[in-house]
Amino acid sequence: MAKTIKTNALRLLDKHRVNYEAKDSTNLKARDMNDPDASLIHKTLVTRGISNELYVFIIPLSSELDLKKAAKAAGEKKILMLPEKELLQNTGYIKGGCSPIGMKKQYKTFLELSSVSMEQIIVSGGKVNFRVKLNPLDLMQITNAKEFDLIHEL
């Protein structure tokens with residue numbers, strides 16, 4: 001019997017009785033067109049404002065964060081991506097396994113506006129190649145996220 005992975009993210013979801021589906025995605029590439037869930041995958045981006053505060057942004061994998069829109073959402077004049085070397089010490093997660101759920105500290109979090117109306121989205125489950133599928137409203141509730149237009153127009 002395979003051992004079930006339990007990350008901080010999953011423990012927090014369980015504690016709050018949130019319905020989710022966790023799955024190992026080791027054999028899938030993030031942009032694999034054979035993955036039926038590819039359009040649901042979201043990335044978690046951590047930034048730092050000029051005030052030195054950290055902010056978390058959750059956007060679709062295929063999109064690019066608009067730093068001006070992100071700064072406006074955060075109430076900052078300017079924000080920059082957090083350097084990778086600072087990710088673990090600030091969030092408890094590494095690049096590729098950074099979940100918006102269960103970080104070391106609760107940072108102000110924002111979810112892309114277009115994602116809010118989706119039935120389900122997928123975010124990192126707290127380890128590389130480990131995903132969690134859940135309702136975006138549940139994600140917003142557990143992370144205290146606000147909805148905001150965050151991505152570049154295509």
Side-chain angles (χ1 to χ4, degrees), residues 5-13 15-16 18 20 22-33 35 37-116 118 120-134 136 138-154:
I5 297 175
K6 278 295 182 183
T7 63
N8 286 343
L10 296 189
R11 282 189 277 279
L12 194 59
L13 290 170
K15 179 182 174 184
H16 290 279
V18 173
Y20 66 89
K23 73 184 206 183
D24 186 338
S25 60
T26 304
N27 297 326
L28 293 173
K29 299 249 188 280
R31 297 176 195 262
D32 186 348
M33 290 305 153
D35 182 354
D37 291 332
S39 65
L40 304 178
I41 300 172
H42 284 59
K43 54 189 169 186
T44 303
L45 303 172
V46 184
T47 63
R48 175 175 281 130
I50 57 172
S51 68
N52 214 30
E53 289 291 317
L54 297 186
Y55 302 96
V56 177
F57 296 93
I58 307 160
I59 64 171
L61 182 64
S62 60
S63 300
E64 186 177 320
L65 181 66
D66 184 318
L67 292 175
K68 287 184 180 182
K69 289 179 179 180
K72 183 177 179 182
E76 293 273 0
K77 288 186 179 182
K78 182 178 181 180
I79 62 169
L80 297 170
M81 296 303 300
L82 187 70
E84 184 180 335
K85 65 183 179 183
E86 296 179 33
L87 192 61
L88 180 61
Q89 70 187 26
N90 285 290
T91 66
Y93 294 122
I94 61 171
K95 183 178 179 184
C98 186
S99 178
I101 307 162
M103 290 188 179
K104 283 183 172 182
K105 182 180 171 190
Q106 182 69 54
Y107 298 110
K108 288 184 183 173
T109 303
F110 302 90
L111 177 63
E112 164 53 34
L113 185 62
S114 63
S115 300
V116 176
M118 296 174 72
Q120 292 188 310
I121 64 172
I122 296 172
V123 296
S124 172
K127 289 190 180 290
V128 176
N129 296 321
F130 189 65
R131 302 175 183 172
V132 176
K133 183 191 286 188
L134 72 166
D138 288 336
L139 176 65
M140 290 178 70
Q141 183 175 11
I142 204 154
T143 61
N144 294 319
K146 306 280 187 260
E147 57 188 75
F148 211 89
D149 177 23
L150 301 168
I151 58 177
H152 286 289
E153 298 299 323
L154 298 177

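Across all non-hydrogen atoms, the minimal contact from Pro100 to Val56 is CB-CG1, 4.3 Å. Closest approach of Ala70 to Ile79, counting heavy atoms only: CB-CD1, 3.2 Å. Scanning both residues, Gln120 and Pro136, for their nearest heavy atoms gives CA-CD, 4.0 Å. Nearest approach of Ser99 to Gly126, heavy atoms of both residues: CB-N, 3.7 Å. When all heavy atoms of Val46 and Cys98 are compared, the closest pair comes out as CG2-SG, 4.1 Å.
Distance alone, capped at 3.5 Å, is enough to place a donor-acceptor pair between the Glu76 side chain and the Ile50 backbone. At least one donor-acceptor pair closer than 3.5 Å links the side chain of Lys104 to the backbone N or O of Gln89. A donor-acceptor pair is defined here as one N or O able to donate and one able to accept, closer than 3.5 Å; such a pair exists between the side chain of Lys43 and the backbone of Ser63.
Shown here are the side chain to side chain contact (heavy atoms under 4.5 Å, CB included) partners of Lys69, two or more places apart in sequence or in another chain: Asp66, Asp149, Glu153. Partners of Asn90 under the side-chain hydrogen bond (donor to acceptor under 3.5 Å, both in side chains) rule, at least two apart in sequence or in another chain, do not exist in this structure. Legend: residues meeting side chain to side chain contact (heavy atoms under 4.5 Å, CB included) with Gln106, ordered by chain and number and at least two apart, are Thr109, Thr143, Asn144. By the side-chain hydrogen bond (donor to acceptor under 3.5 Å, both in side chains) test, Asn8 pairs with Arg11, sequence neighbours left out. Scanning for side chain to side chain contact (heavy atoms under 4.5 Å, CB included) contacts around Val116 gives Leu111, Leu137, Met140, Glu147, with sequence neighbours left out.
Atom CG in Leu61 sits 6.0 Å away from atom CD1 in Ile41 (nearest 0.5 Å). Taking CZ of Arg48 as the start and NZ of Lys78 as the end, the distance is 14.0 Å to the nearest 0.5 Å. Taken to the nearest 0.5 Å, the CD1 atom of Ile151 stands 7.5 Å off from the OG atom of Ser62. Here Leu45 contributes atom CG and Leu150 contributes atom CG; the two are 9.5 Å apart, rounded to the nearest 0.5 Å. A distance of 4.0 Å separates CG of Leu12 from CD1 of Ile142, quoted to the nearest 0.5 Å. Distance CD1/Ile58 to CG/Leu65: 11.5 Å, rounded to 0.5 Å.
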Practice prompt. Tell me, with the steps shown, if Leu87 and Ile94 meet side-chain contact (heavy atoms from CB on, under 4.5 Å).
Written response: CA-CA 6 Å; Leu87 192 61; Ile94 61 171; 5.7 Å; no
Worksheet item: Which is it for Thr47 and Leu54 under the side-chain contact (heavy atoms from CB on, under 4.5 Å) test, yes or no, and what are the steps along the way?
Response: CA-CA 6 Å; Thr47 63; Leu54 297 186; over 6 Å; no
Fill in: Residue pair Ser124, Phe130: steps toward the side-chain contact (heavy atoms from CB on, under 4.5 Å) verdict
CA-CA 6 Å; Ser124 172; Phe130 189 65; 6.0 Å; no
Practice prompt. Please test Asp24 against Lys127 for side-chain contact (heavy atoms from CB on, under 4.5 Å), starting from the C-alpha separation and ending with a verdict.
Written response: CA-CA 9 Å; Asp24 186 338; Lys127 289 190 180 290; over 6 Å; no
Practice prompt. Under the side chain to side chain donor-acceptor pair (under 3.5 Å) rule, what do Ser114 and Glu112 come out as? Steps first, then yes or no, please.
Written response: CA-CA 6 Å; Ser114 63; Glu112 164 53 34; 3.1 Å; yes
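For the residue pair Ser115 and His42, a side-chain donor N or O sits within less than 3.5 Å of a side-chain acceptor on the partner.
In the displayed structure, Lys108 atom NZ is contacted under 6.0 Å by at most 12 heavy atoms of other residues, nucleotides or ligands.
For the pair Phe148 and Leu113, the minimum side-chain heavy-atom distance is 4.5 Å or more. Side chains of Glu53 and Tyr107 form no contact here, defined as non-hydrogen atoms less than 4.5 Å apart. Within the 4.5 Å cutoff, side-chain heavy atoms of Tyr93 are placed close to those of Met103.
A salt bridge does not link Asp37 with Arg131: none of the charged nitrogens is closer than 4.0 Å to a carboxylate oxygen.
Screening residues 44-67 for ring-ring contact (aromatic ring centres under 6.0 Å, His included), with sequence neighbours left out, gives Phe57-Phe110.
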